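Here the structure comes first, spelled out in structure tokens, and everything after it is commentary.
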There are 2 protein chains.
Amino acid sequence: MSGLREKQKADRERRILQAAVTKFRADGYRAVRIEDLAEIAEVSVGTVYNYYQTKGDILIACVAMEVEEVLTAGHHIVCNPPRGVSAALLSLIISYYDHSLEYLSKEMWRTAMALAIEAPGTPNGRRYFELDQRLAAQVTDLVIALQDRGEVRRDLDARALGTLMFNNLNQMFLEFVRDDAMTLKALRDQVAAQTRPIASLIAVS
Amino acid sequence: MSGLREKQKADRERRILQAAVTKFRADGYRAVRIEDLAEIAEVSVGTVYNYYQTKGDILIACVAMEVEEVLTAGHHIVCNPPRGVSAALLSLIISYYDHSLEYLSKEMWRTAMALAIEAPGTPNGRRYFELDQRLAAQVTDLVIALQDRGEVRRDLDARALGTLMFNNLNQMFLEFVRDDAMTLKALRDQVAAQTRPIASLIAVS
DNA sequence: TAAAAAAGTTGAAGTCATTCATCTTTATAG
DNA sequence: CTATAAAGATGAATGACTTCAACTTTTTTA
């Protein structure tokens, strides 16, 4: 039976990540020491570093977990978007925003974004950037789906449009997490106000 | 004579900042220890912390110094912009970019941006954000100047247009500093390609 | 000018992320 | 089943930012 070690490894990694998601949210990324996570996960400090290269790495893993779920939810919307360009786009974007704080706090998002900017060449930075790319690709996919359904003008470059819209929603999300006082509802309202004029521009006349 | 202490203080602060600009550029922000700066500036570690709250604070002070110069150079362009919407806008934007690496390295910019995102509520974060605002305002001022000269359509909202253009040039600058291999020329070319179509859209027919 | 007060400097100590040589657990070979 | 090898866990040690109580220098007061 050679599966015991594998099972123990997977279990330890899961426990560390679980401890991180919970503790980072509760106490704030800064305030949590690796020692705290090790204690909760019932491993030693050294073991945490066997599974994650740095403290920031653990945070990026939390973000990745969240974004994977966001992508899965988004996939369903892209496969079967509501009628109307504006409704379809907003449905996807708001799905992103509504999921974004399920496991992560604003502080965690800020820290993750900062890490990705500070060290773009490290595995961390690349991983965050890759998640960004996949989200941008999903927005593009939605635009293509709407073109296929004849709702968005076919003469427009779907990739350029998708990237533009993603950059915009990403920028608005940055403003959202920068301001602890801003509510999800305010974010939703703002993006809705911005999206409707764009939607009418790109919709088939 | 009560000016001695004042003079010594100003001198110490200047020496610390000078040491930081030089050493951060030469060795990289991470690699430089407060102890190193203290030694170069001929003060103790504790004294550095009397003038700057954190290591990041020193970096933001470096950025502020650079941006003040950029704003001064930009002011001249806004007061007397070259003929033509595209030429005027590019003149300002490229002036920003060309000045940006005079004292700061890409790594310093990345780190400063990361700091500002990570801790938006701290004096540091606010200060960085305020510099951003002043740059955005200057772009808006140029748009207004071009409207006054009858080169840009007067029915357009100068503030919205200025903010949009600043966000865009800022985003492109972020991509520039994220990629150590990207040259200033590549950045210039890219922004030129983007700016020309915008310029023709907003110019008076 | 001398003493007292105010302002500022100092560097050792504290904290926390990270590393690494040692030890323990699991898997394999005889 | 025992011995060897491989994999992984451990926590004390390291290094860097930051703090703070004691010490100096400058200014004010008498």
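Predicted model only: the values in this text are computed from it and were never measured. Lettering follows sequence order; numbering is per chain, from 1.
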Please state how far atom [atom1] in [X] lies from atom [atom2] in [N], giving the value in whole angstrom units.
X	N	atom1	atom2	value
B/I58	D/dA16	CD1	P	15 Å
B/N50	D/dC20	CG	P	13 Å
A/E42	D/dG8	CD	C1'	18 Å
B/I16	C/dG8	CD1	P	13 Å

Between [options], which nucleotide has the shortest distance from any of its atoms to the side chain of [X]?
X	options	answer
A/S44	C/dT10, D/dA9, C/dT19	D/dA9
A/Y49	D/dT10, C/dT18, D/dT18	C/dT18
B/R12	D/dC17, C/dT9, D/dG11	C/dT9
B/K9	D/dC17, D/dA9, C/dG8	C/dG8

Quick test of your reading of the model: are [X] and [Y] salt-bridged, counting only N-O distances below 4.0 Å?
X	Y	value
A/E39	A/R33	no
A/R188	A/D98	yes
A/R25	A/E102	no

Worksheet entry | Centroid-centroid distance, A/F173 to A/W109, less than 6.0 Å | yes
Discussion item. Less than 4.0 angstrom between a side-chain N/O of B/Q8 and OP1 or OP2 of C/dG8, yes or no?
Written reply: no
Discussion item. Please check this pair: side chain of B/H99 against backbone of B/S95, looking for a donor-acceptor N/O pair closer than 3.5 Å.
Written reply: yes
Fill in: B/R159 side chain to B/T140 backbone, donor-acceptor under 3.5 Å
no
Worksheet item: In residues 21-38 of chain B, which ones come under 4.0 Å of DNA chain C, going by heavy atoms?
Response: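 Residues of residues 21-38 of chain B under 4.0 Å from DNA chain C: none.
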Item to complete: Using a 4.0 Å heavy-atom cut-off across all strands, classify A/Y51 as base, sugar-phosphate, or nothing.
Response: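 Sugar-phosphate: the residue A/Y51, judged by heavy atoms under 4.0 Å, touches backbone atoms but no base.
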Worksheet entry | Contact nearer the 5' end of DNA chain C, comparing A/T54 with B/G46 |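 Its nucleotide being nearer the 5' end, the pick is B/G46.
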